[in-house]
Amino acid sequence: MIERNDLCWCGSGKKYKKCHLFEDMKKKSSSLENKKRQKMIKTAQEIEGMRRAGAFNGQLMDYIRQFVKEGISTIKIDKLVYEYTLDHGHKPACLGYHGYPKSVCISRNNVVCHGIPSEREILEDGDIVNVDLTTIVDGFYGDSSETFLIGNVSSEVRRLVEVTAQAMIYGIDAVKPGNKLAAVAEAIEPYVKSEGFSVVRQYTGHGIGRKFHEIFTVYHHVDPDEEPIILEPGMTFTVEPMVNMGGYQVVTDRKDGWTVRTKDGSMSAQFEHTVLVTEEGREVLTRTPSQIAQNIRLEFSGKKFK
Ligand code: MF3
Ligand code: CO
Ligand code: CO
């Protein structure tokens, strides 16, 4: 290996540090950058795979929606997710992921995310409950979630869910080629704060493709540590803000190692979609067939977001 004070390889007779060192360093770092970019940008074939995975995930959400009602146990919802996914020849991605024991995450009231379905947990009037579905379709992942209202939910808590849905849409709308990835957080956090709620920091969106969680992290809160990524057509990732009624702090259950709750016991809501950056803007890969048929971005409590 050539050292800084050696003669340059080009034969100029100058020391390497006074000659080609800087240029060589630049080349090396741009080829690293390129490798990373290539990893983030899907080929046309991979995009087709992601479209199919997203479409199935949306179809599964449309199927599950009718069952998310007062009186059902969360284990029953898990069973329905498992069976529907297998019946269609696909795989629930959560099952066995880092040891996760079930096929779906179901997070109720003060549970922020990663709630484990249980036969002891029955949906009750006034609850809010997030159902987070992830499936593997021919090697590609689709990931989306919705928070449902069970029976009569207080107007304050309904507002939390509505703001969270809107926050996700603002985040998705900020996805455009040429925009910074940080535009997502910049669209979400000020809005959520202005409504008096807080954005969870410890859990984020993520690149997605042939793997569940791919290299980059999508923050929903404005953070100087977020990677300075410029969005380009062909990138696929999730936008999935978790919004708390109280503070943003969360704690993980020490016994099961999964269930994440708000630290102050306040309610928490979440919505998630998988998106693809396109030449024009973005495509929401996990929109459900009913959302597509009605030409709406998302429906919440009879309110349609265009
Ligand atoms: N679906 C979650 C997400 O949106 C991840 C769940 S991982 C699991 O990223 F292991 F808890 F299932
Ligand atoms: Co996700
Ligand atoms: Co998810």
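Each ligand, and each atom within it, is numbered from 1 in the order the structure gives.
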Q: Within a distance under 4.0 Å of any heavy atom of Glu240, pick out the atoms of ligand 1 and give their elements.
A: 3 (C), 4 (O), 9 (O)

Q: Report yes or no: does Thr74 contribute a side-chain atom to a donor-acceptor pair with the main-chain N or O of Ser118 at less than 3.5 Å?
A: yes

Q.
I'd like to know if the side chain of Asp132 pairs up with that of Ser145 as donor and acceptor (distance under 3.5 Å, no hydrogens or angles considered).
A. no

**Q.** Shortest heavy-atom approach to atom 2 (C) of ligand 1 - which of Val260, Asp132, Thr274
**A.** Asp132

Q: Return yes when at least one N/O/S atom of His213 is nearer than 2.8 Å to the Co ion (ligand 2), and no when none is.
A: no

Q. For the residue pair Tyr16 and His20, is the inter-centroid distance of their aromatic rings smaller than 6.0 Å?
A. no

**Q.** Nearest to the Co ion (ligand 3) - the N/O/S atom of Glu272, by atom name
**A.** OE1

Q | Shortest non-hydrogen contact from Thr134 toward Cys94 | A | OG1-SG, 4.1 Å

Q: Taking the side chain as every heavy atom from C-beta outward, state whether Leu276 and Val175 have any pair of such atoms under 4.5 Å apart.
A: no

Q: Any atoms of ligand 1 less than 4.0 Å from a non-hydrogen atom of His114? List them with their elements.
A: 5 (C), 6 (C), 11 (F)

Q: Identify, by name, the N, O or S atom of Glu240 lying closest to the Co ion (ligand 2).
A: OE2

Q.
Among the N/O/S atoms of Asp143, which is closest to the Co ion (ligand 3)? Give the atom name.
A. OD1

Q.
With the threshold set at under 4.0 angstrom, would you say His213 reaches ligand 1 through any of its heavy atoms?
A. yes

Q) Do side-chain atoms of Asn244 reach the backbone of Ser198 as a donor and acceptor pair under 3.5 angstrom? A) no

Q | Within one Ile-Leu-Val-Met-Phe-Trp-Tyr cluster: Val277 and Ile47, side-chain cutoff 4.5 Å | A | no

Q. Looking at Glu272, which atoms of ligand 1 are within less than 4.0 Å of one of its heavy atoms?
A. 4 (O)

Q. Which of the listed options, Cys113, Gly205, Cys94, Gly115, holds the heavy atom that is closest to atom 12 (F) of ligand 1?
A. Cys94

Q | Side chain, backbone, both or neither: the part of Thr238 lying under 4.0 Å from ligand 1 by heavy atom | A | neither

Q: Distance to 0.1 Å, residue and atom name: give those for the protein heavy atom nearest to atom 3 (C) of ligand 1.
A: Asp143 OD2, 3.4 Å

Q. What part of Ser145, side chain from CB on, backbone N/CA/C/O, both or neither, has a heavy atom under 4.0 Å from ligand 1?
A. neither

Q: Please tell me if the side chains of Glu283 and Arg51 come closer than 4.5 Å, counting only heavy atoms from C-beta onward.
A: yes

Q: Go through ligand 1 atom by atom and flag the ones less than 4.0 Å from a non-hydrogen atom of Thr134.
A: 1 (N)

Q.
What verdict does the salt bridge (charged side-chain N to carboxylate O under 4.0 Å, His left out) test give for Glu226 and Lys180, after you've listed the backbone C-alpha separation in whole Å, the side-chain angles of each residue and the deciding distance to 0.1 Å?
A. CA-CA 10 Å; Glu226 182 161 24; Lys180 300 173 296 183; over 6 Å; no

Q. Is the His213-Tyr97 ring centre distance short of 6.0 angstrom?
A. yes

Q) With respect to the Co ion (ligand 3), what is the nearest N, O or S atom of Asp132? A) OD1

Q. Given Tyr141, Trp258, Tyr97, Phe212, which has its nearest heavy atom closest to atom 5 (C) of ligand 1?
A. Phe212

